[in-house]
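Shown next, in structure tokens, is the structure this report addresses.
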Amino acid sequence: MYTQTKIMKDNTTILTIVTYGIILSAVSLLLNDIRAFDFLQFEEFQDWAKTAQKNEPWFTSKNAVKWSFYAISAGIFFWRAYLLYAFTYFLSILREIEKGNYFSAKNSRYFKKIANIFIYYTINVLVLRFLLALIKKSSFNFIQEFKSEFTLLIPCALAFYILAELFERAKKAEEENELTI
């Protein structure tokens with residue numbers, strides 16, 4: 001018959017495998033998106049100073065728009081990678097739990113870091129997509145963009161902030177219990 005510790009170790013092992021699976025599949029998707037991005041256009045305007053129209057304002061020039069598109073796309077790729085980085089904190093939390101440190105200060109910090117990354121990602125990608133829509137001269141619907149990808153990230157971030165607070169309070173209660181015994 002399994003003991004409580006053995007069951008918990010088995011559960012953390014399963015969660016660790018699932019987390020690695022999520023991270024690897026998300027990295028695969030990100031790398032595929034980066035590979036599919038048309039980097040060949042970059043060669044067309046590598047030496048943009050030679051092709052720039054001297055009487056045209058730089059900000060509205062064709063090359064500036066292309067550079068902006070690439071810079072914003074690179075920013076979106078960066079933030080997607082940063083979001084993947086947040087999932088590595090789940091592995092750290094699982095390692096702490098596996099050690100028996102359920103309510104450690106580290107777990108509380110990890111939950112806060114995950115929540116911060118979710119919030120930073122949401123805000124920055126929303127701003128970058130807005131800028132991308134301006135450059136492409138396409139329509140940008142704030143509500144639609146917000147609903148499409150970010151509906152879950154903000155509530156998850158808030159949940160992780162709450163978990164961090166609960167873990168801090170549980171750690172204090174655990175320490176107080178040890179002092180009274």
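Values reported hereafter were calculated over all heavy atoms of this structure, with side chains retained and with hydrogens, waters and symmetry mates removed.
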Gap separating the [atom1] atom of [X] from the [atom2] atom of [Y], nearest 0.5 angstrom:
| X | Y | atom1 | atom2 | answer |
| --- | --- | --- | --- | --- |
| Phe118 | Ile123 | CZ | CD1 | 14.0 Å |
| Ile22 | Ile17 | CD1 | CD1 | 12.5 Å |
| Leu31 | Phe77 | CG | CZ | 10.0 Å |
| Tyr20 | Thr88 | OH | OG1 | 9.5 Å |
| Thr16 | Ile97 | OG1 | CD1 | 9.0 Å |
| Asn32 | Ser25 | CG | OG | 12.5 Å |

TODO: For the residue pair Ile93 and Ile114, establish whether any side-chain heavy-atom pair is separated by less than 4.5 Å.
DONE: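 In short, these two side chains touch, coming nearer than 4.5 Å.
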Open item on the list: Less than 4.5 Å apart, side chain to side chain, heavy atoms only: is that true for Arg95 and Asn101?
Closed with: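 They are not in contact (no side-chain heavy atoms under 4.5 Å apart), so the answer is no.
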Task: Heavy atoms from other residues, nucleotides or ligands near OH of Tyr85 exceed 12 (cutoff 6.0 Å) - done: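 No, not enclosed.
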Task: Aromatic ring proximity, centroids under 6.0 angstrom, Phe87 and Phe90 - done: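 Yes, the ring of Phe90 comes within the 6.0 Å limit of the ring of Phe87, centre to centre.
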Open item on the list: So that I know where these two stand, are Tyr161 and Phe111 an aromatic pair - ring centroids less than 6.0 Å apart?
Closed with: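 No: the rings miss the under 6.0 Å criterion.
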Task: Verdict with supporting geometry, Asn124 and Ile76, side-chain contact (heavy atoms from CB on, under 4.5 Å) - done: CA-CA 8 Å; Asn124 286 301; Ile76 290 173; over 6 Å; no
Task: Test: Lys112 and Glu168 ion pair at under 4.0 Å - done: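 A salt bridge is present here (some side-chain N lies under 4.0 Å from a carboxylate O).
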Open item on the list: So does Glu96 get a backbone contact from the side chain of Asn107, meaning a donor-acceptor N/O pair under 3.5 Å?
Closed with: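 No: the side chain of Asn107 does not pair with the backbone of Glu96.
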Applying a strict under-4.5 Å side-chain criterion to I, L, V, M, F, W and Y, I'd like to know whether [X] and [Y] cluster together.
| X | Y | value |
| --- | --- | --- |
| Ile154 | Ile162 | no |
| Leu94 | Ile23 | no |
| Leu24 | Val27 | no |
| Leu29 | Val18 | no |

Task: Contacts of Phe103 that satisfy ring-ring contact (aromatic ring centres under 6.0 Å, His included) - sequence neighbours left out - done: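 Only Phe167 meet the ring-ring contact (aromatic ring centres under 6.0 Å, His included) criterion with Phe103.
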Tell me the closest heavy-atom pair linking [X] and [Y], and the distance in Å.
| X | Y | value |
| --- | --- | --- |
| Ala26 | Leu84 | CB-CD2, 2.9 Å |
| Ala115 | Ala157 | CB-O, 3.3 Å |
| Tyr121 | Trp79 | CD1-O, 3.2 Å |
| Leu15 | Thr19 | O-OG1, 2.7 Å |

Task: Test log, rule salt bridge (Lys or Arg N to Asp or Glu O under 4.0 Å), inputs Lys171 and Glu174 - done: CA-CA 5 Å; Lys171 179 66 176 172; Glu174 186 179 61; 3.8 Å; yes
Open item on the list: For a side-chain contact (heavy atoms from CB on, under 4.5 Å) check, start with the C-alpha distance between Asp33 and Arg80, then their side-chain angles and the critical distance, and finish with the verdict.
Closed with: CA-CA 11 Å; Asp33 288 348; Arg80 285 179 60 195; 2.7 Å; yes
